[in-house]
Amino acid sequence: MKTMDRTCLAIILAAGEGTRMRSSLPKVLHQVGGRTLLGSVLGAVRAAGSTAIAVVVGPDHDAVAAEAKRLVPDAAIAVQRERRGTAHAVLAARDALARGADDILVIFGDTPLITADNLARLRDALAQGAAVAVSGFRPADPTGYGRLVMSDGKLVAIREHNDASDEERKIALCNGGLMALSGRHALALLERIRDDNRKKEFYLTDAVALANEMGLGAAVVEVEEDDVRGINTKAQLAEAEAVLQQRLRKAALEAGVTMIAPETVFLAADTKFGRDVTVEPYVVFGPGVTVDDNAVIHAFSHLSGAHVGEAASIGPYARLRPGTKVGKGARVGNFVELKEATMEDGAKANHLAYIGDGRVGENANIGAGTIFCNYDGAQKHRTEIGKGAFVGSNSALVAPVSVGDGAYIGSGSVITENVPANALALGRVRQTIKEGWAERLRKLKAAGKKKSSGQP
Ligand code: UD1
Ligand code: CA
């Protein structure tokens, strides 16, 4: 049967305590590319065609279970009460295993750089008859890894570093940690595993020797060291981020995005670009950003949870926060911040503005220094600006408030009441002129007579 026709249960081990992260956050909830480590693994597992997913968590990792459920609502959550080894952890998901699948994938929750291709190749090995398939890689320093013991070109055992002889420690090919088990034999193999090793743990890796004893085949699928990088420290988290950013930048360039300094651009795993998009240096993309064809993101902009429409121009120095929608040809200039706000097609806010919880109609213009006063200290309110309206510079729009289509707001206004379409609203003190005042002041000063009132 071809891989894509086979059912697949993916079991993700996420019971690690992660104390070396020096953090109160569970290890797998740290992020790379704007996604949790767990989310990254779930993404790969889904892309590799899993039909069922089980996540094994530690006894007090409700937050990990919640993240798994948020991302994959029908994921099964299994709790490993005691940390007694990787095979013991897999057996915590016994219910899911008992429901059966053609392929069982076991993945560690702290290896966020695994690819769908890695997993697909492991599944292919099962489709070709292996009962166990493991990922092999050749690390620069193999200390700590399980060694893949081969004989006559066949994988016969995995020896954990602690239990390996000096001779076995010379083996360069190591276990990357990803494993695929044939659903038909998985439970039988797992139940035979014993804790007869230095660490007194139930090692998943013993499945290889047991498969050989049972006359079943074991296969190795070689992967890159980067693919199976595990994360135990903040330094390793940063290294994984660097690898992921390289991959994301490469993919964006291959998809046709123009970046003259891609090494300065930070992308999220889910950033989406249309055709002929330009991203200038030093732009940061948080999660949930889509940029349509021909848009330009100028330097030093920060975007997250935002949709940038066709041929729109963002920045330099713009901040698009979650819930932002920028229409076709719209312009968001320097030091403009948007949040939960829509700029309709052709709308402009070219300098220094805060547009929060509102909508700016088609072709409307927001002058420099305009603020949507969306927060009254307790609640957020909306501001609606009509089509073709003109908001003069340095205006404060005190929400909830609306400005009708084609209306004008005089500069420096504080707008607290709705403005009808095509009206002019002025909400500021009228200017007064005192003819000759400055001249009189200078004369008084020259005569050394300073009046206490300061009024010449
Ligand atoms: C494991 C492999 C080793 C491989 C290495 C690659 C085993 C026995 N060894 O070693 O061959 O070279 O990964 O990185 O599998 N976990 C649980 N519950 C447990 C024990 C572990 O959920 O009781 C989870 C951990 O959270 C972690 C993963 O399983 O995500 C791997 O466990 P870890 O103890 O880090 O195994 P390694 O010693 O790294
Ligand atoms: Ca590890």
Side-chain angles (χ1 to χ4, degrees), residues 10-21 26-30 36-38 40-42 54-61 64-65 68 77-93 105-114 118 132-149 155 157-164 168-169 171-181 189-190 193-210 218 220-233 236-237 240:
I11 300 176
I12 298 169
L13 306 190
E17 59 272 71
T19 46
R20 285 167 65 210
M21 298 296 272
K27 177 162 76 173
V28 297
L29 297 187
H30 286 77
T36 57
L37 306 186
L38 181 61
S40 309
V41 170
L42 286 169
V55 180
V56 179
V57 301
D60 45 33
H61 278 170
V64 176
I77 305 294
V79 181
Q80 186 193 23
R81 305 236 161 257
E82 272 180 288
R83 198 186 150 94
R84 299 191 59 195
T86 43
H88 182 262
V90 174
L91 279 172
L105 283 172
V106 180
I107 305 113
F108 301 157
D110 64 357
T111 53
L113 301 181
I114 56 158
N118 296 154
V132 182
V134 306
S135 57
F137 75 119
R138 297 170 191 276
D141 175 11
T143 310
Y145 291 111
R147 306 300 204 280
L148 301 190
V149 183
L155 177 65
I158 301 180
R159 194 80 65 233
E160 289 305 306
H161 184 88
N162 282 330
D163 304 296
E168 286 168 335
R169 284 186 184 177
I171 299 172
L173 189 60
C174 292
N175 175 22
L178 301 173
M179 190 180 279
L181 297 159
L189 286 167
L190 290 163
I193 293 173
R194 294 285 160 263
D195 58 351
D196 50 0
N197 50 59
R198 287 237 177 120
K199 274 172 101 178
K200 292 268 164 287
E201 281 192 359
F202 293 89
Y203 285 163
L204 177 63
T205 43
D206 284 351
V208 171
L210 289 169
V220 181
V221 168
E222 278 211 44
V223 300
E224 296 296 320
E225 181 167 11
D226 278 343
D227 297 346
V228 289
R229 268 173 195 270
I231 290 167
N232 295 307
T233 64
Q236 289 168 344
L237 183 68

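In what follows, residues are counted from 1 in the order of the sequence shown. Predicted, not measured: the structure shown is a model, and the values here were computed from it. Whatever order the structure lists them in is the order used to number ligands and atoms, beginning at 1.
- Less than 4.0 angstrom separates some heavy atom of A89 from each of these atoms of ligand 1: 17 (C), 18 (N), 22 (O).
- From F202, atom CZ reaches atom CG of D196 across 9.0 Å, with rounding to the nearest 0.5 Å.
- For the pair Y145 and ligand 1, the shortest N or O to N or O distance does not fall below 3.5 Å.
- Counting heavy atoms closer than 4.0 Å to ligand 1, residue A15 contributes atoms from both its backbone and its side chain.
- Using a 4.0 Å cut-off to heavy atoms of T86, the atoms of ligand 1 that qualify are 7 (C), 8 (C), 15 (O), 20 (C), 21 (C), 29 (O), 31 (C), 32 (O).
- Counting only heavy atoms from C-beta outward, the side chains of I231 and H30 never approach each other to under 4.5 Å.
- N197 contributes a side-chain N or O that, together with a main-chain N or O of E201, makes up a donor-acceptor pair within less than 3.5 Å.
- Applying the salt bridge (charged side-chain N to carboxylate O under 4.0 Å, His left out) criterion to R159, with sequence neighbours excluded, gives E168.
- Side-chain contact between R229 and Q236 is absent, with no heavy atoms from C-beta onward closer than 4.5 Å.
- Checking only distances, A14 never comes within under 3.5 Å of ligand 1, N or O to N or O.
- On a distance-only criterion, G146 and ligand 1 share at least one N/O pair closer than 3.5 Å.
- Ligand 1 lies out of reach of V56, whose nearest heavy atom is not under 4.0 Å from it.
- Interface atoms of ligand 1 facing D110, defined by a heavy-atom separation under 4.0 Å, are 30 (O).
- For R147 (side chain) and P142 (main-chain N/O), a donor-acceptor pair under 3.5 Å exists by modelled atom type.
- D110 places no side-chain N or O within 3.5 Å of a backbone atom of N232 that could act as its donor or acceptor partner.
- An N or O contact shorter than 3.5 Å is missing between Y203 and ligand 1 by distance.
- No side-chain heavy atom of N175 sits less than 4.5 Å from a side-chain heavy atom of Y145.
- Scanning for salt bridge (charged side-chain N to carboxylate O under 4.0 Å, His left out) contacts around R138 gives E222, with sequence neighbours left out.
- If you look at E160 next to ligand 1, the close heavy atoms, those under 4.0 Å, all belong to the side chain.
- Near R84, with a cut-off below 4.0 Å to any heavy atom, the atoms of ligand 1 are 23 (O).
- Ligand 1 lies nowhere less than 4.0 angstrom from a heavy atom belonging to C174.
- Within ligand 1, counting atoms from 1 as listed, the ones closer than 4.0 Å to a heavy atom of L13 are 22 (O), 24 (C), 29 (O), 30 (O).
- Counting heavy atoms under 4.0 Å from ligand 1, residue Q80 touches it through the side chain alone.
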